[in-house]
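Computation of the quantities below employed the complete heavy-atom set of this structure, encompassing side-chain atoms and omitting hydrogens, waters and symmetry-equivalent molecules. Predicted model only: the values in this text are computed from it and were never measured. Naming: A, B, ... by sequence-line order, numbering from 1 per chain.
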There are 2 protein chains.
Amino acid sequence: MSLSRQQIIDTALKILRDYGLADLSMRRLARDLGVQPGALYWHVKNKQELLGVLAERILENVDGGAAADDVAGDGGAAGPGASAGSIRRLALEIRRALLQVRDGAEVVSLAQALDPQALGPVITLRRLLATAGLGEPQAGWAARAVTHYILGAVAEEQTQADLVRAGLVTRDGGGDDDGSGASDGADDAFNFGVDLFLAGLSVQPASQS
Amino acid sequence: MSLSRQQIIDTALKILRDYGLADLSMRRLARDLGVQPGALYWHVKNKQELLGVLAERILENVDGGAAADDVAGDGGAAGPGASAGSIRRLALEIRRALLQVRDGAEVVSLAQALDPQALGPVITLRRLLATAGLGEPQAGWAARAVTHYILGAVAEEQTQADLVRAGLVTRDGGGDDDGSGASDGADDAFNFGVDLFLAGLSVQPASQS
DNA sequence: ACCTGAACACCGTTCAAGT
DNA sequence: ACCTGAACACCGTTCAAGT
């Protein structure tokens, strides 16, 4: 029944989930599809385009009812527009989506480096920041800053997980591994970073020039 | 006079500066040194170790008289310890060092992902944050958050520069290229992000345990 | 101790030729 | 239109054997 672009993407995502980015080669992908490597290039421009599509897929379910913002008091640092809650919620959702797929942050980083603003959640983020009162160059800058933080933090988590899987390192770099699986500490670290941004946003420092 | 670890590192750095990370292969490195690829493995464990050493080299001159903090008013968001100025200065210095070497942020990111805290400037950053009044889990979290932002932002700058070099894209993705070479806009974007962090640090939001 | 030669097990991409 | 076969130009790493 011939090869389709959709099954290439689906199979690629499956390899990513099950084996990680290091195992996602065009040749391995072709083998899993029972086809010659060259056949892929009829349906897909090159590996980079494929990774870009995968990045979109990884984030496709993210946007967090972003239109709905809670105006009620959330007892913390809130921006002028009361959308601090929405921003935090969006950030946590992006992280959750990235963590669903092995090396997800790395894949999205590759796509984002080549084409900043291309990703949906980044646009949503900028919109929220605009609603919070930021003007046009600043909203974009802030959105990308938050994105860099999220991608860096989650990439670090996932790389560490890869290393643990490979047996090259134990959790926390020497800490006690109690195996209880209770929230990891990574959650707290991530939330702290997000709060840092949100607190900063409520102040709106003057930019020089 | 035989091969030395030092000249391997020096030559690798030269390839990085002149041609970028994509051209830095063990085989290319061996060729430039007039030696067989296998010879490198006598002096260096593998490519990853080499990249780690390069990351240190890229950042070696960074630490920004970090001991010296200006207590005088700097008219902005300052932490309790008056070290907001030092933190900003350190962040700008890290960026400057990364920009000296083509794909410098990418290389440092690779090293940092495998071993967070290993990098000198990250430690300096944590120390400054501790001086600013942050406790022990938080100072480390904040230091890594700032690091992720810096690496992500500069990596984006450099990837864009690579694409421009390759002629695959023009500046700013459709903007007017006036060729005046005046500060790029990237400087402003970067400073804005750093200020965001600094403003956030002066507030110290409560983290949910 | 330090390096060569040669191999092992891979890559991404292209493209004539087939159907 | 869609795929195969085969090639081109590479990778990182290992390791017997040489000096």
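Between B/T124 and B/V62 there is no side-chain heavy-atom pair separated by less than 4.5 Å. Side-chain contact between B/L3 and B/W42 is absent, with no heavy atoms from C-beta onward closer than 4.5 Å.
A salt bridge links B/R57 with B/D10: the distance from a Lys NZ or Arg NE/NH1/NH2 to an Asp or Glu carboxylate oxygen falls below 4.0 Å.
Atom-to-atom, NZ of B/K47 to P of D/dT14 comes out at 14 Å; the value is rounded to the nearest Å. The CZ atom of B/R5 sits 17 Å away from the P atom of C/dA1 (whole-angstrom rounding). Distance, B/L50 CG to D/dC11 C1': 15 Å, rounded to whole Å. The CD atom of B/Q48 sits 12 Å away from the P atom of D/dG12 (whole-angstrom rounding). When rounded to the nearest whole Å, the span between CD of B/E49 and C1' of D/dG12 equals 15 Å. Rounded to an integer number of Å, the gap from B/L3 CG to C/dT4 C1' is 13 Å. For the pair B/R28 CZ and D/dG12 C1', the interatomic distance rounds to 17 Å; values are reported in whole Å. One can place CG of A/L33 at 16 Å from P of D/dC2, the figure rounded to the nearest angstrom.
Between A/A39 and A/R27, the residue whose closest nucleotide on DNA chain C is further toward the 5' end is A/R27. For A/Y41 and B/G34, each mapped to the nucleotide of DNA chain C holding its nearest heavy atom, the one lying further toward the 5' end belongs to B/G34.
Here B/S25 reaches the OP1 or OP2 of D/dC11: one of its side-chain N or O atoms lies under 4.0 Å away. In terms of phosphate contacts, B/H43 brings a side-chain nitrogen or oxygen within less than 4.0 Å of OP1 or OP2 of C/dC3. Listed pair B/W42 / C/dC3 fails the phosphate criterion, with no side-chain N or O lying under 4.0 Å from OP1 or OP2.
Across every non-hydrogen atom of A/V154 and A/F190, the tightest pair is CG2-CE1, 4.4 Å. Pairing each heavy atom of B/R88 with each of B/V194, the nearest pair is CG-CG1, 3.9 Å.
C/dC10 and D/dA9: their P atoms are spaced 23 Å apart (whole Å). When the C1' atom is compared between D/dC11 and C/dC8, the two are found 12 Å apart, to the nearest whole Å.
Comparing C/dT4, D/dC3, D/dT13 by their nearest atom to the side chain of B/V35 picks out C/dT4. For B/Q36, whose side chain is taken as the heavy atoms from C-beta onward, the closest listed nucleotide among D/dG12, C/dC3, C/dG5 is C/dG5. Nearest nucleotide to the B/M26 side chain, out of D/dG12, D/dC3, D/dC11: D/dG12. Listed nucleotides: C/dG12, C/dT4, D/dT13. Nearest to the side chain of B/N46: D/dT13.
Of the nucleotides present, D/dC15 is the one that pairs with C/dG5 by Watson-Crick or G-U wobble criteria, both distances under 3.5 Å.
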